[in-house]
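Input: a single structure, listed below in structure tokens.
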Amino acid sequence: MREYQHATVQKIGATPGNLCTLSFCTLDRDLRFSEHDAGDVDTVFFLSENSEFDIHVPAGVQTTYISLDQDEFLSAARVLNPAQWETAPQGVQPLRSNHKALFSDAVEIWFKTASVAARQGGAMDADVMRRLLLQTMLQVATTTIPDDAGTVPAAARVRALRICRQACAFAEDRLEADDLPTIVDLCTAVGVSERTLQYAFRSYVGMSPLVYLRLLRLNRVRTTLIEASPGEMTVTEAAMRYGFLHLSRFARDYRHAFDESPSETLAA
């Protein structure tokens with residue numbers, strides 16, 4: 001939901017059971033989210049289930065929020081960052097995230113995708129959209145700072161290699177079954193936190209797990225386009241099948257990875 005207030009409003013209510021919300025708003029010194037002010041440029045708000053709220057929103061403020069199944073969100077958040085999310089926050093809690101911009105981008109992409117689908121007389125894949133929004137919100141809410149690189153004991157290097165190999169094999173198996181793997185899936189399958197997974201990938205493939213998964217999906221799109229018969233598949237269909245909804249960004253990343261456009265691959 002994205003709201004722009006043309007007049008100052010007061011919102012008083014309570015969240016339903018098993019529904020949590022992540023939100024952010026235009027910075028305004030007069031905004032009040034229960035007992036909290038608007039915070040700073042990195043602030044997002046987490047509102048847990050069955051929580052009363054009292055929100056004062058001044059005229060001219062835009063508020064953006066996404067509601068999620070709390071059990072699903074917390075289960076994944078505990079995998080990614082157990083230290084922060086082992087005990088679920090209660091009520092309204094401000095969070096500071098280095099990835100707040102991803103929140104805004106995800107909502108913008110959602111609206112654009114829905115608009116394109118409506119103009120074309122179709123419907124976007126609600127399950128794919130829901131999963132992508134959930135993964136973005138998890139990244140926003142469970143942001144961690146990787147350890148500085150330094151001298152690594154041999155045992156730690158061996159463990160990191162094992163973790164990375166297991167995670168990569170799991171991701172490839174999931175894609176083989178036409179199921180998009182997520183960071184939560186990798187952490188759950190290997191039994192580590194996101195921080196440990198980040199270290200393993202940066203140590204042995206020189207990139208973050210998110211970048212690795214994106215490259216893996218790009219390669220799947222390329223294979224699909226190469227194997228498609230004329231008229232059987234479009235670039236948009238192949239891209240969305242593997243979770244690429246921002247098509248201009250997808251085309252840019254595809255060209256950077258393979259030195260040709262996806263349409264050129266399809267036509268070859």
Side-chain angles (χ1 to χ4, degrees), residues 1-111 126 129-145 182-185 187-188 193-196 198:
M1 180 69 71
R2 187 165 56 192
E3 298 178 332
Y4 181 85
Q5 301 300 333
H6 295 279
T8 299
V9 297
Q10 187 84 8
K11 298 183 179 182
I12 299 175
T15 53
N18 198 35
L19 187 74
C20 64
T21 298
L22 284 162
S23 65
F24 70 92
C25 55
T26 308
L27 295 181
D28 190 296
R29 62 184 180 83
D30 293 325
L31 184 137
R32 179 179 54 77
F33 201 145
S34 293
E35 68 272 28
H36 306 285
D37 60 23
D40 60 24
V41 294
D42 297 321
T43 300
V44 298
F45 291 94
F46 174 82
L47 180 61
S48 64
E49 66 172 351
N50 299 321
S51 293
E52 296 182 353
F53 56 83
D54 180 349
I55 308 173
H56 175 79
V57 187
V61 167
Q62 180 174 282
T63 305
T64 304
Y65 56 91
I66 294 178
S67 295
L68 304 163
D69 180 292
Q70 180 162 302
D71 287 344
E72 182 180 22
F73 174 82
L74 290 179
S75 176
R78 289 179 183 124
V79 171
L80 295 175
N81 193 335
Q84 180 183 359
W85 290 93
E86 186 60 38
T87 301
Q90 299 298 311
V92 179
Q93 295 293 331
L95 306 171
R96 298 191 73 249
S97 172
N98 291 330
H99 296 307
K100 181 179 175 180
L102 293 178
F103 193 156
S104 179
D105 289 346
V107 173
E108 187 65 29
I109 290 172
W110 192 96
F111 281 116
M129 291 299 303
R130 185 192 67 81
R131 292 188 65 189
L132 291 174
L133 282 174
L134 174 61
Q135 298 311 312
T136 299
M137 292 303 96
L138 285 167
Q139 188 176 2
V140 170
T142 64
T143 301
T144 57
I145 301 173
T182 67
I183 299 299
V184 174
D185 294 333
C187 290
T188 302
S193 70
E194 184 183 20
R195 190 170 188 169
T196 301
Q198 289 270 6

Give the intermediate values and the outcome of side-chain contact (heavy atoms from CB on, under 4.5 Å) for residues F73 and L22. CA-CA 11 Å; F73 174 82; L22 284 162; 4.0 Å; yes
Side-chain donor-acceptor pairs of residues 1-9 under 3.5 Å, sequence neighbours excluded:
unit_1	atom_1	unit_2	atom_2	d
R2	NH1	E108	OE1	2.9
E3	OE1	K11	NZ	2.4
T8	OG1	A59	N	3.1

Judged by atom type as modelled, is there a donor-acceptor pair below 3.5 Å linking the side chain of D185 to the main-chain atoms of T182? yes
Does some side-chain heavy atom of D37 sit less than 4.5 Å from a side-chain heavy atom of L31? no
When rounded to the nearest 0.5 angstrom, what is the spacing between CG in L47 and SG in C20? 8.5 Å
Is there a side-chain contact between M129 and W110 in this structure, where contact means two heavy atoms from C-beta onward sitting under 4.5 Å apart? yes
Check the pair L74, W85 against side-chain contact (heavy atoms from CB on, under 4.5 Å), reporting the backbone distance first and the verdict last. CA-CA 7 Å; L74 290 179; W85 290 93; 3.7 Å; yes
What I want to find out is whether D42 reaches R96 closely enough, with some N-O distance under 4.0 Å, to be called a salt bridge. yes
Identify the heavy atoms of V44 and K100 that sit nearest to each other, and give their distance. CG1-CG, 3.9 Å
Any heavy-atom pair between the side chains of D71 and S75 that's under 4.5 Å? no
Mind checking what makes side chain to side chain contact (heavy atoms under 4.5 Å, CB included) contact with S48, not counting sequence neighbours? F46, S51, Q70, Q90
Would H36 and V92 satisfy side-chain contact (heavy atoms from CB on, under 4.5 Å), going step by step from the backbone distance to the final call? CA-CA 8 Å; H36 306 285; V92 179; 3.7 Å; yes
Sequence neighbours left out, what pairs pass side chain to side chain donor-acceptor pair (under 3.5 Å) with at least one residue falling in residues 15-32? N18-D69, T21-S67, R32-D54
Please identify each residue that fulfils side chain to side chain contact (heavy atoms under 4.5 Å, CB included) with E35, with sequence neighbours left out. none
Got a sec, which residues hit side chain to side chain contact (heavy atoms under 4.5 Å, CB included) with T188, two or more places apart in sequence or on another chain? V79, V184
Is the distance between the ring centroids of F103 and F24 under 6.0 Å? yes
Would L95 and T43 count as a side-chain contact (heavy atoms from CB on, under 4.5 Å) here? Give the steps. CA-CA 6 Å; L95 306 171; T43 300; over 6 Å; no
Provide the closest heavy-atom pair for L80 versus T142 in the form atom of the first, atom of the second, distance. CD1-OG1, 3.7 Å
Between A38 and L27, what is the shortest heavy-atom contact and its length? O-CD2, 3.8 Å
Distance-only criterion, 3.5 Å: show the donor-acceptor pairs between side-chain atoms of residues 130-140 and protein atoms not counting sequence neighbours.
unit_1	atom_1	unit_2	atom_2	d
R130	NH1	E72	OE1	2.9
R130	NH1	E72	OE2	3.1
R131	NH1	D179	OD1	2.9
R131	NH2	L180	O	3.0
T136	OG1	L132	O	3.0

